[in-house]
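First up is the structure itself, then whatever we jot down about it.
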Amino acid sequence: MRTRSRELCRLAMTVLQPGFEGTAPPDWLRRALADGLGGAVLFTRNLAGPAQTAELVAAMREENPGVIVAVDEEGGAITRLEARTGSSWPGNLALGVADDVRATGRVARQIGRMLGAADITMDYAPVVDVNADPRNPVIGVRSFGSDPERVRRHAVAWIEGLQGAGVAACAKHFPGHGDTVTDSHLALPEVRASREVLERRDLPPFRAAIKAGVRAIMCGHLLVPALDRSPVTLSRAVLTGLLREELGFGGVTVTDAIEMRAVAALHAPEEITVRALVAGADAICVGVSSPGGESVYALRDAIVSAVREGRLPEARLAEAAGRVLELARWHAEQAPARAAAARDADEGVGLKTATAALRVIGTPGRPVLRVAPLVVEMTTRPSQAVGRATAVGVGAAIGEIIPGTVVAEVAEGEDLPDLTDLHRPVVVVVRDATRHVWIQRLLARALEVRPDAVVVETGVPGTPAGAVYLATHGGSTVSSRAAARRLTAIRTQEHA
């Protein structure tokens with residue numbers, strides 16, 4: 001009986017993927033891994049550089065060689081391994097605008113190369129949501145665009161590029177988070193589209209991802225009444241009926257972080273965990289754990305109790321754990337692919353593709369900035385998905401080329417700096433201006449004073465404004481540097 005209890009506890013530990021504090025595995029995490037913990041999620045708080053990241057993962061594998069080490073590395077604004085410098089790779093919207101699926105695959109392979117060097121198992125990417133509503137506060141530039149066919153093509157290229165480098169891809173956020181105006185970190189978004197619209201718009205990228213062999217799919221914390229009255233994370237109709245039985249997905253289904261308010265406002269973590277497993281999830285992502293790991297063991301105990309009470313069939317738990325273990329086996333088999341990717345440096349593809357994604361209205365063929373400008377950057381609070389990434393901004397990137405560039409950051413509630421020095425060009429950098437009334441108001445005021453100002457939009461573009469309007473389609477470091485080169489007439493090789 002005691003042996004049976006240990007086996008059940010180990011199955012329960014296998015399906016958990018918690019985060020933790022520190023740049024080395026805390027004692028509780030080592031103990032949990034030895035007890036069969038099947039996964040762990042890395043965040044910016046855990047990562048201090050390539051060598052340290054590799055050491056961290058190696059230390060985790062000392063306790064459990066098959067642990068699923070996951071990270072959220074989308075490129076663009078969403079980066080963990082490059083959080084201190086900003087991503088070297090353009091994000092999805094820039095890739096979709098450039099619309100070169102070969103380049104998309106090359107970018108994803110380079111991200112896989114970076115993750116593979118640290119022996120990371122799985123990337124919580126790509127986002128394959130169709131950004132149907134430009135007001136969307138959490139998807140936006142993370143999507144390949146608003147056209148389902150374009151999203152489908154680039155999703156496949158991204159998955160094949162990443163997995164070809166020996167790192168598992170995780171398409172998200174099933175069945176589609178693009179048609180929402182609520183951030184699921186803060187509340188439960190509702191997708192009000194009909195089943196017909198979902199079939200035509202949101203599901204094709206997921207169908208294509210499954211056909212391309214994606215190893216994992218992350219479900220979104222979404223309410224989709226056309227599919228079920230329960231949130232997707234807790235819906236057997238969606239996770240089992242639609243994803244498994246109708247779409248034929250056989251890989252790992254992982255939840256989004258269960259502390260997000262979309263579901264955390266409804267149930268305690270233990271209840272969310274049990275209900276998600278019953279619905280058909282295989283791995284439970286938990287971004288925040290208690291300092292001593294007590295919360296992780298509480299989730300384990302809740303799963304075990306649910307099995308003993310008959311709420312969670314043991315066969316369902318064993319199925320979920322089996323899929324997690326199969327992903328670990330796949331990762332072990334991909335060692336030759338990771339070794340090959342390590343020899344396949346293609347770093348220039350980041351700047352090249354970011355440059356191809358630039359769109360300029362005004363004077364794209366000649367220099368705009370001949371002397372050091374004043375760059376006004378209207379800063380917004382990043383979403384929780386972005387985290388603590390500190391990308392090089394457009395102003396800093398211009399300053400790398402033109403010494404003497406002055407950068408002034410303006411947040412909501414603050415005033416513009418003095419723009420009246422006509423000897424100094426003005427560049428106004430905004431992000432998602434169409435979503436922020438305060439940015440629209442300050443931008444209009446800036447253009448009244450300086451109608452010659454250059455406007456750079458680093459989010460989803462809106463109505464062009466200014467003498468020159470440049471859209472980067474993303475706020476990564478590489479996109480900022482591409483914009484700076486364009487505005488100062490420095491050409492990358494392909495434009496020389």
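Note that the coordinates shown come from a computational prediction; the quantities given were computed from them, not determined experimentally.
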Pair R311 + E271, salt bridge at N-O below 4.0 Å: yes

Rounded distance (nearest 0.5 Å) linking atom CG of D301 with atom CD of E270: 9.0 Å

Salt bridge R435-E457, side-chain N to carboxylate O under 4.0 Å: no

Sole residue of D344, T353, D346 in side-chain hydrogen bond (donor to acceptor under 3.5 Å, both in side chains) with R106: D346

Side chain to side chain donor-acceptor pair (under 3.5 Å) between S479 and S476, worked out: CA-CA 5 Å; S479 292; S476 67; 3.1 Å; yes

Working for salt bridge (Lys or Arg N to Asp or Glu O under 4.0 Å), residues R323 and E326: CA-CA 5 Å; R323 291 197 180 110; E326 174 57 32; over 6 Å; no

Salt bridge present between R329 and E333 (N-O < 4.0 angstrom): no

Expected output: side-chain E377 to main-chain G395 donor-acceptor under 3.5 Å: yes

Side chain to side chain, W330 and Q334, heavy atoms closer than 4.5 Å: yes

R207 and E199: CA distance, side-chain angles, deciding distance, salt bridge (Lys or Arg N to Asp or Glu O under 4.0 Å) verdict: CA-CA 10 Å; R207 291 183 185 273; E199 288 285 353; 3.0 Å; yes

Side-chain H-bond candidate by donor/acceptor type, E409 with T379, under 3.5 Å: no

Side chain to side chain, P90 and L95, heavy atoms closer than 4.5 Å: yes

Closest non-hydrogen atom pair between L33 and N64, with its separation: O-CB, 3.6 Å

R61 bridged to D119 by N-O distance under 4.0 Å: yes

Stepwise side chain to side chain donor-acceptor pair (under 3.5 Å) check, H177 with S184: CA-CA 9 Å; H177 203 324; S184 51; 3.1 Å; yes

V278 to R236 - nearest heavy-atom pair and separation: O-NH1, 3.5 Å

Distance-only polar pair, side chains of R338 and H331, donor-acceptor under 3.5 Å: yes

Residues H221 and D256: side-chain donor-acceptor under 3.5 angstrom: no

Contact summary for V141 and T458, nearest pair of heavy atoms: CG1-O, 4.2 Å

Pair D99 + R153: basic N to acidic O under 4.0 Å: yes

S235 and D228: side chain donor to acceptor below 3.5 Å: yes

Lys/Arg-Asp/Glu bridge criterion (N-O < 4.0 Å) met for D147, R201: no

Heavy-atom closest pair, residues H173 and L222: O-CD1, 4.1 Å

Sidechain-backbone polar pair: E412 side chain, W438 backbone, donor-acceptor under 3.5 Å: no

Heavy-atom side-chain proximity of V428 to M378 below 4.5 angstrom: yes

Salt bridge flag under 4.0 Å for residues R244 and D282: yes

Least distance between heavy atoms, E259 atom then A264 atom: O-CB, 3.6 Å

Residue R192 excluded, over 12 heavy atoms near CZ under 6.0 Å: no

Closest heavy-atom pair and its distance - I139, V127: CG2-CG1, 4.3 Å

Separation of D123 CG from D72 CG (nearest 0.5 Å): 7.0 Å

E347 and S88 side chains, donor-acceptor separation under 3.5 Å: no

Contact check, side chains of L81 and M114, non-hydrogen atoms, under 4.5 Å: yes

Side-chain ion pair, D100 and R102, N-O less than 4.0 Å: no

T121 (side chain) donor-acceptor with V69 (main chain) under 3.5 angstrom: yes

